[in-house]
Structures are given as structure tokens and as C-alpha cells.
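Following: one structure in C-alpha cells, then a few remarks.
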Amino acid sequence: MDISLRPLRREDAHAIVAAEDDATVRFLSGGRSTVQGTEEYVDRLHREASEGRSKRAFGIWADGTCVGTVDYDPQVTDGLEPGDVNIAYGVAPWIRGRGVAVRAVELVCGIIAERGVGRRVAIRASAENPASRRVAEKAGFVFSHEMRSATDVDETGQPEMFRVFVLRL
Ligand SMILES: CC(C)(COP(=O)(O)OP(=O)(O)OC[C@H]1O[C@@H](n2cnc3c(N)ncnc32)[C@H](O)[C@@H]1OP(=O)(O)O)[C@@H](O)C(=O)NCCC(=O)NCCS
């Protein structure tokens with residue numbers, strides 16, 4: 001399977017919405033996505049980038065089809081150290097378990113290194129998300145620490161417990 005990343009575009013909104021399930025909502029988007037909302041998200045990313053924000057999002061493409069997203073954001077600080085670049089990802093349910101997320105993480109780490117965005121990449125995986133922890137481990141990240149989030153909450157409104165995995169570039 002050929003996996004590649006392309007900067008996220010408004011035209012990818014339908015695919016992103018189609019790729020969402022309960023797990024994506026719980027661990028990535030935080031709410032049900034719509035095509036219009038996703039287009040607005042892409043517009044907002046462009047606008048904020050032009051204003052100096054460093055977050056960048058990519059579509060994950062598998063054999064020519066957009067099957068998910070991965071983003072990096074050096075301005076996430078919750079539970080991280082200065083210089084850390086947070087990454088987050090989601091892959092469509094029908095193509096999970098085939099190494100797509102691990103490859104997407106490797107590719108985005110390559111982009112972060114090439115662009116000199118930060119010294120260390122971090123994945124904050126919910127304690128309730130073994131699949132994401134496994135992705136981190138398979139991509140070569142090492143467990144750093146567990147922390148109670150000051151920004152994210154779980155389904156019951158309690159602070160999310162994150163396990164932080166890091167990879168030095
Ligand atoms: C997490 C996610 C991106 C993984 O995508 P994926 O393409 O299936 O990932 P990969 O195939 O590269 O690797 C998944 C690994 O996790 C394992 N895994 C999946 N579900 C698991 C579970 N419940 N418990 C333990 N391991 C699990 C898979 O078996 C695989 O490991 P293996 O190759 O050793 O068997 C996908 O499940 C997803 O989109 N979840 C919802 C959004 C999310 O959780 N994002 C993370 C936010 S940081």
C-alpha cells in the first residue's frame with residue numbers, strides 16, 4: 001500500500017467526515033464533524049498559519065484515497081516540554097490495523113525534521129486508547145510520563161489522563 005501525506009484541503013472535507021467514527025470523535029475531533037465544519041477548519045488553519053501559527057494538518061492518502069489526517073502543532077504545551085511538537089492522527093475504520101497510522105507518523109516526523117519545527121515529537125495518547133499507544137511504540141516513540149490534562153476532558157467531563165510518548169529527532 002502506498003501511503004503519502006498531502007496538506008489538508010477544503011476538497012478533502014467529505015473524505016474526512018466519512019473517515020470519522022466514535023473513536024475518532026472520542027480521541028481526536030472531540031465532536032461529530034460536518035463537511036462545512038471541516039471546510040471551515042481548513043480555512044481557519046490557513047488563516048492562522050498566515051498570522052504566524054505553526055500548526056499544520058495533512059490528509060493521509062492510501063493508494064490515492066484520503067483515509068485520515070495527521071497534524072503537528074508546536075504550540076500545544078499541555079503536558080509537554082518547550083521545543084516539543086505534538087502530533088495527532090486519525091485513520092478511517094475500514095483501513096485500520098494495516099500500518100497506515102504508523103507510516104503517517106513516520107512521514108510527519110520526517111516533515112517536522114526537514115522543516116526544523118522542533119527537537120522532539122510527542123504523542124499524547126489517552127490512557128483509554130491502546131491503539132494509539134501501540135502506534136506510538138511501533139513508530140519508535142518511548143514512554144515518557146503519564147499526566148492529567150489541563151485542557152482536554154474525557155466523555156464524562158473529567159480531565160483526560162494522557163500517556164506521553166516522545167521521539168527525539
Ligand atoms: C489510533 C489509530 C489512528 C490507529 O490507526 P491504524 O492505521 O489502525 O494503526 P496501525 O495499523 O498503524 O497500528 C495499529 C496498532 O495498534 C494495534 N491495536 C489496535 N487496536 C488495539 C487495541 N484495542 N489494543 C491494543 N492494540 C491495538 C493494532 O493491532 C496495531 O498493532 P500491530 O500492528 O502490532 O498489530 C486509529 O485506531 C484511529 O483513528 N483511532 C481513532 C482516533 C485516535 O485514537 N487518534 C489518536 C489520537 S493521538
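Counting convention: from 1, in listed order, for ligands and their atoms alike. Numbers here are sequence positions counted from 1.
Checked for salt-bridge contact, Arg56 and Asp73 miss the test: no charged N lies under 4.0 Å from a carboxylate O.
Asp78 meets the side chain to side chain donor-acceptor pair (under 3.5 Å) test with Arg124, Ser149, Thr151; sequence neighbours excluded. Listed by chain and residue number, Phe143 satisfy the ring pair (Phe, Tyr, Trp, His ring centres under 6.0 Å) test with Phe165 (two or more places apart in sequence, or in another chain).
Note on residues 134-143: no pairs pass side chain to side chain donor-acceptor pair (under 3.5 Å), not counting sequence neighbours.
Using modelled atom types and a 3.5 Å distance limit, the side chains of Ser54 and Tyr72 yield no donor-acceptor pair. Under 3.5 Å, the side chains of Arg10 and Tyr41 contain no donor-acceptor pair of N or O atoms.
Under 4.0 Å from any atom of ligand 1, one finds heavy atoms of residues Ala23, Thr24, Phe27, Tyr89, Gly90, Val91, Arg96, Gly97, Arg98, Gly99, Val100, Ala101, Val102, Asn129, Pro130, Ala131, Ser132, Arg134, Val135, Lys138.
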